[in-house]
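Structure record follows, encoded as C-alpha coordinates.
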Protein chains: 2
Amino acid sequence: MGIKRHIYNCQAGCPVESTLQIISGKWKSVIIYHLLESTQRFNGLQKQMPDCSRRMLSLQLHELQADGVIQKKVYPEVPPKTEYSLTSFGETLKPVILAMASWGDMYNHRQEYVDDNVK
Amino acid sequence: MGIKRHIYNCQAGCPVESTLQIISGKWKSVIIYHLLESTQRFNGLQKQMPDCSRRMLSLQLHELQADGVIQKKVYPEVPPKTEYSLTSFGETLKPVILAMASWGDMYNHRQEYVDDNVK
DNA sequence: CAGAATCCCTTTAGATACTG
DNA sequence: CAGTATCTAAAGGGATTCTG
(Lines give C-alpha, C1' and ligand atoms only; values in the text may rest on other atoms or scores of the structure.)
Protein backbone atom coordinates (compact mmCIF):
# COMPACT_ATOMS: atom_id res chain seq x y z
CA MET A 1 0.00 0.00 0.00
CA GLY A 2 1.16 3.47 -0.73
CA ILE A 3 2.23 5.98 1.81
CA LYS A 4 1.34 9.27 0.20
CA ARG A 5 -0.28 12.45 1.26
CA HIS A 6 0.15 11.46 4.86
CA ILE A 7 1.40 14.85 5.79
CA TYR A 8 -1.36 17.39 5.47
CA ASN A 9 0.39 20.70 5.28
CA CYS A 10 -2.75 22.31 3.95
CA GLN A 11 -1.34 23.17 0.58
CA ALA A 12 -2.58 19.75 -0.44
CA GLY A 13 -5.33 18.14 1.53
CA CYS A 14 -6.31 20.72 4.13
CA PRO A 15 -8.81 18.78 6.22
CA VAL A 16 -11.16 21.72 6.60
CA GLU A 17 -11.22 22.22 2.85
CA SER A 18 -12.00 18.54 2.43
CA THR A 19 -14.94 18.83 4.78
CA LEU A 20 -16.20 21.87 2.93
CA GLN A 21 -16.20 19.90 -0.29
CA ILE A 22 -19.01 17.89 1.22
CA ILE A 23 -20.96 20.24 3.45
CA SER A 24 -20.39 23.67 1.97
CA GLY A 25 -23.35 25.30 0.38
CA LYS A 26 -25.75 27.32 2.42
CA TRP A 27 -28.23 24.53 3.03
CA LYS A 28 -26.39 21.23 3.13
CA SER A 29 -25.44 21.27 6.78
CA VAL A 30 -28.91 22.48 7.67
CA ILE A 31 -30.45 19.57 5.80
CA ILE A 32 -28.13 17.12 7.53
CA TYR A 33 -29.09 18.71 10.84
CA HIS A 34 -32.76 18.09 10.21
CA LEU A 35 -32.06 14.51 9.19
CA LEU A 36 -30.08 13.86 12.35
CA GLU A 37 -33.07 12.88 14.43
CA SER A 38 -35.40 11.39 11.91
CA THR A 39 -36.20 10.68 8.33
CA GLN A 40 -37.84 13.59 6.55
CA ARG A 41 -40.06 14.13 3.57
CA PHE A 42 -39.48 16.79 0.95
CA ASN A 43 -42.18 19.14 2.10
CA GLY A 44 -41.31 18.49 5.71
CA LEU A 45 -37.80 19.71 5.10
CA GLN A 46 -39.07 22.72 3.27
CA LYS A 47 -41.28 23.79 6.13
CA GLN A 48 -38.29 23.68 8.43
CA MET A 49 -36.26 25.75 5.99
CA PRO A 50 -38.60 28.47 4.77
CA ASP A 51 -35.76 30.52 3.33
CA CYS A 52 -34.68 27.70 1.06
CA SER A 53 -36.67 27.57 -2.16
CA ARG A 54 -38.05 24.31 -3.49
CA ARG A 55 -35.58 24.50 -6.33
CA MET A 56 -32.59 24.99 -4.04
CA LEU A 57 -33.72 22.23 -1.72
CA SER A 58 -33.99 19.89 -4.66
CA LEU A 59 -30.52 20.76 -5.93
CA GLN A 60 -28.89 20.39 -2.54
CA LEU A 61 -30.58 17.06 -1.91
CA HIS A 62 -29.27 15.80 -5.23
CA GLU A 63 -25.72 16.80 -4.41
CA LEU A 64 -25.87 15.27 -0.97
CA GLN A 65 -27.16 12.09 -2.52
CA ALA A 66 -24.43 12.09 -5.18
CA ASP A 67 -21.83 12.45 -2.44
CA GLY A 68 -23.32 9.52 -0.54
CA VAL A 69 -24.36 11.57 2.47
CA ILE A 70 -28.09 10.96 2.23
CA GLN A 71 -30.35 8.42 0.64
CA LYS A 72 -33.83 8.67 -0.76
CA LYS A 73 -36.60 6.16 -0.53
CA VAL A 74 -39.55 6.49 -2.88
CA TYR A 75 -42.89 4.95 -2.03
CA PRO A 76 -44.91 4.13 -5.13
CA GLU A 77 -48.08 5.70 -3.85
CA VAL A 78 -50.50 8.35 -4.92
CA PRO A 79 -49.91 11.02 -3.82
CA PRO A 80 -46.19 10.32 -4.03
CA LYS A 81 -44.19 9.96 -0.88
CA THR A 82 -40.44 10.13 -0.45
CA GLU A 83 -38.24 9.88 2.56
CA TYR A 84 -34.76 11.25 2.94
CA SER A 85 -32.37 9.89 5.51
CA LEU A 86 -28.68 9.89 6.31
CA THR A 87 -26.50 7.08 5.03
CA SER A 88 -24.01 5.55 7.43
CA PHE A 89 -21.41 7.76 5.80
CA GLY A 90 -23.64 10.74 6.42
CA GLU A 91 -23.95 9.75 10.06
CA THR A 92 -20.22 10.25 10.48
CA LEU A 93 -20.84 13.96 9.99
CA LYS A 94 -22.92 14.06 13.15
CA PRO A 95 -20.15 15.44 15.42
CA VAL A 96 -19.52 18.25 12.97
CA ILE A 97 -23.16 19.22 12.68
CA LEU A 98 -23.71 18.95 16.41
CA ALA A 99 -20.73 21.22 17.05
CA MET A 100 -22.28 23.74 14.68
CA ALA A 101 -25.67 23.45 16.34
CA SER A 102 -24.16 23.84 19.78
CA TRP A 103 -22.27 26.96 18.80
CA GLY A 104 -25.35 28.37 17.10
CA ASP A 105 -27.36 27.91 20.27
CA MET A 106 -24.77 29.80 22.25
CA TYR A 107 -24.72 32.51 19.62
CA ASN A 108 -28.49 32.82 19.57
CA HIS A 109 -28.62 33.28 23.31
CA ARG A 110 -25.84 35.84 23.16
CA GLN A 111 -27.79 37.75 20.51
CA GLU A 112 -30.89 37.60 22.66
CA TYR A 113 -28.93 39.08 25.57
CA VAL A 114 -27.62 41.86 23.36
CA ASP A 115 -31.11 42.53 22.01
CA ASP A 116 -32.51 42.77 25.53
CA ASN A 117 -29.93 45.34 26.58
CA VAL A 118 -30.44 47.43 23.50
CA LYS A 119 -34.18 47.45 23.98
CA MET B 1 -35.67 40.06 31.02
CA GLY B 2 -37.58 38.68 28.15
CA ILE B 3 -38.28 35.06 27.48
CA LYS B 4 -38.44 34.91 23.76
CA ARG B 5 -37.15 32.67 21.07
CA HIS B 6 -36.28 30.12 23.70
CA ILE B 7 -37.74 27.34 21.67
CA TYR B 8 -35.75 26.81 18.54
CA ASN B 9 -38.07 24.99 16.25
CA CYS B 10 -35.86 25.86 13.32
CA GLN B 11 -38.42 27.97 11.60
CA ALA B 12 -36.93 30.84 13.54
CA GLY B 13 -33.45 30.59 14.89
CA CYS B 14 -32.15 27.27 13.62
CA PRO B 15 -28.80 27.01 15.39
CA VAL B 16 -27.04 25.59 12.35
CA GLU B 17 -28.27 28.48 10.22
CA SER B 18 -27.00 30.89 12.85
CA THR B 19 -23.57 29.32 12.72
CA LEU B 20 -23.56 29.51 8.96
CA GLN B 21 -24.23 33.23 9.15
CA ILE B 22 -20.75 33.54 10.63
CA ILE B 23 -18.65 30.82 9.02
CA SER B 24 -20.28 30.17 5.68
CA GLY B 25 -18.33 31.25 2.68
CA LYS B 26 -15.86 28.98 1.05
CA TRP B 27 -12.81 30.28 2.91
CA LYS B 28 -13.90 31.55 6.30
CA SER B 29 -13.62 28.32 8.22
CA VAL B 30 -10.31 27.57 6.51
CA ILE B 31 -8.95 30.94 7.59
CA ILE B 32 -10.10 30.32 11.16
CA TYR B 33 -8.47 26.92 11.03
CA HIS B 34 -5.15 28.43 10.08
CA LEU B 35 -5.44 31.02 12.83
CA LEU B 36 -6.17 28.38 15.43
CA GLU B 37 -2.56 27.67 16.22
CA SER B 38 -0.90 30.97 15.58
CA THR B 39 -1.16 34.48 14.32
CA GLN B 40 -0.74 34.77 10.57
CA ARG B 41 0.28 37.39 8.08
CA PHE B 42 -1.58 38.09 4.86
CA ASN B 43 0.87 36.38 2.54
CA GLY B 44 1.34 33.55 4.99
CA LEU B 45 -2.36 32.80 4.84
CA GLN B 46 -2.32 32.97 1.10
CA LYS B 47 0.47 30.45 0.78
CA GLN B 48 -1.58 28.05 2.85
CA MET B 49 -4.62 28.64 0.67
CA PRO B 50 -3.31 28.66 -2.89
CA ASP B 51 -6.79 28.30 -4.36
CA CYS B 52 -8.00 31.46 -2.67
CA SER B 53 -7.13 34.58 -4.64
CA ARG B 54 -5.70 37.63 -2.95
CA ARG B 55 -8.94 39.44 -3.62
CA MET B 56 -11.08 36.74 -2.04
CA LEU B 57 -8.78 36.44 0.95
CA SER B 58 -9.04 40.15 1.51
CA LEU B 59 -12.82 40.12 1.30
CA GLN B 60 -13.21 37.18 3.65
CA LEU B 61 -10.82 38.69 6.19
CA HIS B 62 -12.87 41.88 6.17
CA GLU B 63 -16.09 40.03 6.83
CA LEU B 64 -14.57 37.97 9.62
CA GLN B 65 -13.29 41.17 11.15
CA ALA B 66 -16.66 42.87 10.82
CA ASP B 67 -18.27 39.94 12.59
CA GLY B 68 -15.76 40.13 15.41
CA VAL B 69 -14.21 36.76 14.72
CA ILE B 70 -10.71 37.95 13.95
CA GLN B 71 -8.64 41.05 14.64
CA LYS B 72 -5.88 42.69 12.69
CA LYS B 73 -2.76 44.31 14.00
CA VAL B 74 -0.83 46.62 11.74
CA TYR B 75 2.83 47.31 12.36
CA PRO B 76 3.89 50.71 11.03
CA GLU B 77 6.95 49.42 9.25
CA VAL B 78 8.37 49.39 5.76
CA PRO B 79 7.69 46.97 4.23
CA PRO B 80 4.29 46.84 5.90
CA LYS B 81 3.48 44.01 8.25
CA THR B 82 0.09 42.88 9.50
CA GLU B 83 -0.94 40.10 11.76
CA TYR B 84 -4.32 38.44 11.90
CA SER B 85 -5.48 36.56 14.95
CA LEU B 86 -8.66 35.22 16.47
CA THR B 87 -10.59 37.34 18.94
CA SER B 88 -11.86 35.68 22.09
CA PHE B 89 -15.20 35.40 20.34
CA GLY B 90 -13.47 33.76 17.43
CA GLU B 91 -11.85 31.29 19.79
CA THR B 92 -15.28 30.01 20.75
CA LEU B 93 -15.53 28.58 17.24
CA LYS B 94 -12.61 26.30 17.92
CA PRO B 95 -14.70 23.18 18.66
CA VAL B 96 -16.60 23.64 15.41
CA ILE B 97 -13.47 24.04 13.30
CA LEU B 98 -11.72 21.18 15.04
CA ALA B 99 -14.69 18.92 14.40
CA MET B 100 -14.50 19.85 10.74
CA ALA B 101 -10.75 19.25 10.63
CA SER B 102 -11.12 15.92 12.34
CA TRP B 103 -13.77 14.75 9.93
CA GLY B 104 -11.72 16.01 6.99
CA ASP B 105 -8.73 13.98 8.15
CA MET B 106 -10.86 10.87 8.30
CA TYR B 107 -12.26 11.64 4.88
CA ASN B 108 -8.82 12.22 3.37
CA HIS B 109 -7.60 8.87 4.63
CA ARG B 110 -10.68 7.17 3.33
CA GLN B 111 -10.12 8.73 -0.07
CA GLU B 112 -6.51 7.58 0.01
CA TYR B 113 -7.67 4.06 0.70
CA VAL B 114 -10.16 4.21 -2.15
CA ASP B 115 -7.52 5.63 -4.48
CA ASP B 116 -5.11 2.85 -3.58
CA ASN B 117 -7.66 0.20 -4.40
CA VAL B 118 -8.59 1.78 -7.67
CA LYS B 119 -4.97 2.11 -8.71
C1' DC C 1 4.37 43.39 1.89
C1' DA C 2 -0.44 44.17 2.01
C1' DG C 3 -3.79 45.35 0.07
C1' DA C 4 -7.74 48.37 -2.99
C1' DA C 5 -10.00 49.33 -7.48
C1' DT C 6 -11.74 48.23 -11.84
C1' DC C 7 -13.29 45.36 -15.52
C1' DC C 8 -15.87 41.62 -17.08
C1' DC C 9 -17.21 36.96 -17.56
C1' DT C 10 -19.43 33.10 -14.98
C1' DT C 11 -22.31 31.13 -11.69
C1' DT C 12 -26.07 31.37 -8.62
C1' DA C 13 -30.51 31.34 -7.26
C1' DG C 14 -35.37 33.47 -7.21
C1' DA C 15 -39.83 33.53 -9.71
C1' DT C 16 -42.86 31.26 -12.33
C1' DA C 17 -44.95 27.64 -14.78
C1' DC C 18 -45.44 22.80 -15.71
C1' DT C 19 -45.60 17.35 -14.72
C1' DG C 20 -46.30 12.41 -13.01
C1' DC D 1 -46.97 15.40 -2.92
C1' DA D 2 -42.64 15.81 -5.01
C1' DG D 3 -40.47 17.49 -7.87
C1' DT D 4 -38.49 19.57 -13.07
C1' DA D 5 -37.76 23.28 -16.69
C1' DT D 6 -36.93 27.73 -18.18
C1' DC D 7 -35.85 32.50 -17.87
C1' DT D 8 -33.44 36.26 -15.87
C1' DA D 9 -31.55 39.59 -12.45
C1' DA D 10 -28.06 39.63 -9.24
C1' DA D 11 -24.10 38.18 -7.13
C1' DG D 12 -19.66 35.94 -7.26
C1' DG D 13 -15.12 35.88 -8.32
C1' DG D 14 -10.77 35.83 -11.55
C1' DA D 15 -7.32 38.75 -13.91
C1' DT D 16 -5.08 42.76 -14.01
C1' DT D 17 -3.48 47.13 -12.55
C1' DC D 18 -2.38 50.50 -9.06
C1' DT D 19 -0.86 52.31 -4.30
C1' DG D 20 1.34 53.34 0.35
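The basis for the numbers below is simple: all heavy atoms, side chains too, and nothing from hydrogens, waters or symmetry mates. Numbered from 1 within each chain, the chains take letters A, B, ... in sequence-line order.
- Environment of CD in E77(A): crowded, with over 12 heavy atoms of neighbouring residues, nucleotides or ligands closer than 6.0 Å.
- When distances run from any side-chain atom of S58(A) to the nucleotides dA2(D), dA2(C), dG3(D), the shortest one goes to dG3(D).
- The shortest distance between the side-chain N/O atoms of T82(B) and the OP1/OP2 oxygens of dC1(C) is not below 4.0 Å.
- Rounded to a whole Å, the OH atom of Y75(A) is 13 Å from the P atom of dG3(D).
- With T82(B) as the fixed residue, the side chain to side chain contact (heavy atoms under 4.5 Å, CB included) test singles out one of N43(B), V74(B), T39(B): V74(B).
- Side-chain contact annotation: H34(B) with Q40(B), donor-acceptor N/O pair under 3.5 Å absent.
- A close approach under 4.0 Å does not occur between any side-chain nitrogen or oxygen of S53(A) and OP1 or OP2 of dA15(C).
- Comparing C52(A) and P79(A), the nucleotide of DNA chain C nearest to each residue sits closer to the 5' end for C52(A).
- When rounded to the nearest whole Å, the span between CE of M56(A) and P of dG14(C) equals 6 Å.
- Between K47(B) atom NZ and dA2(C) atom C1' there is a gap of 12 Å when expressed in whole angstrom units.
- Between K73(A) atom NZ and dG3(D) atom P there is a gap of 15 Å when expressed in whole angstrom units.
- Two residues, R55(A) and K81(A), neighbour DNA chain D, and the one matched to the more 5' nucleotide by heavy-atom proximity is K81(A).
- As a whole-Å value, the separation of Q46(B) CD from dC1(C) C1' is 12 Å.
- One atom, CD1 of I31(A), and another, C1' of dA2(D), lie 15 Å apart when rounded to the nearest Å.
- Side-chain N/O atoms of Y84(A) include one lying less than 4.0 angstrom from OP1 or OP2 on dG3(D).
- R54(A) contributes no side-chain N or O that forms a donor-acceptor pair with the base of dT19(C) under 3.5 Å.
- Minimum heavy-atom separation, Q60(A) to W27(A): OE1-N, 3.5 Å.
- One finds a side-chain N or O of H62(A) lying less than 4.0 angstrom from the OP1 or OP2 phosphate oxygen of dT4(D).
- Of the side-chain N and O atoms in K72(B), one or more sit less than 4.0 angstrom from OP1 or OP2 of dG3(C).
- Regarding contacts with the backbone of dG13(D), every side-chain N or O of K26(B) stays at 4.0 angstrom or more from both OP1 and OP2.
- Where L59(A) and P80(A) meet DNA chain D, the nucleotide closest to each residue was compared, and P80(A) sits on the side nearer the 5' end.
- As rounded to whole Å, 11 Å separates atom P of dA15(C) from atom CG of D51(A).
- For the pair Q40(B) CD and dC1(C) P, the computed distance is 15 Å after rounding to whole Å.
- Side-chain atoms of T19(B) do not come within 3.5 Å of backbone N or O of W103(A) as any donor-acceptor pair.
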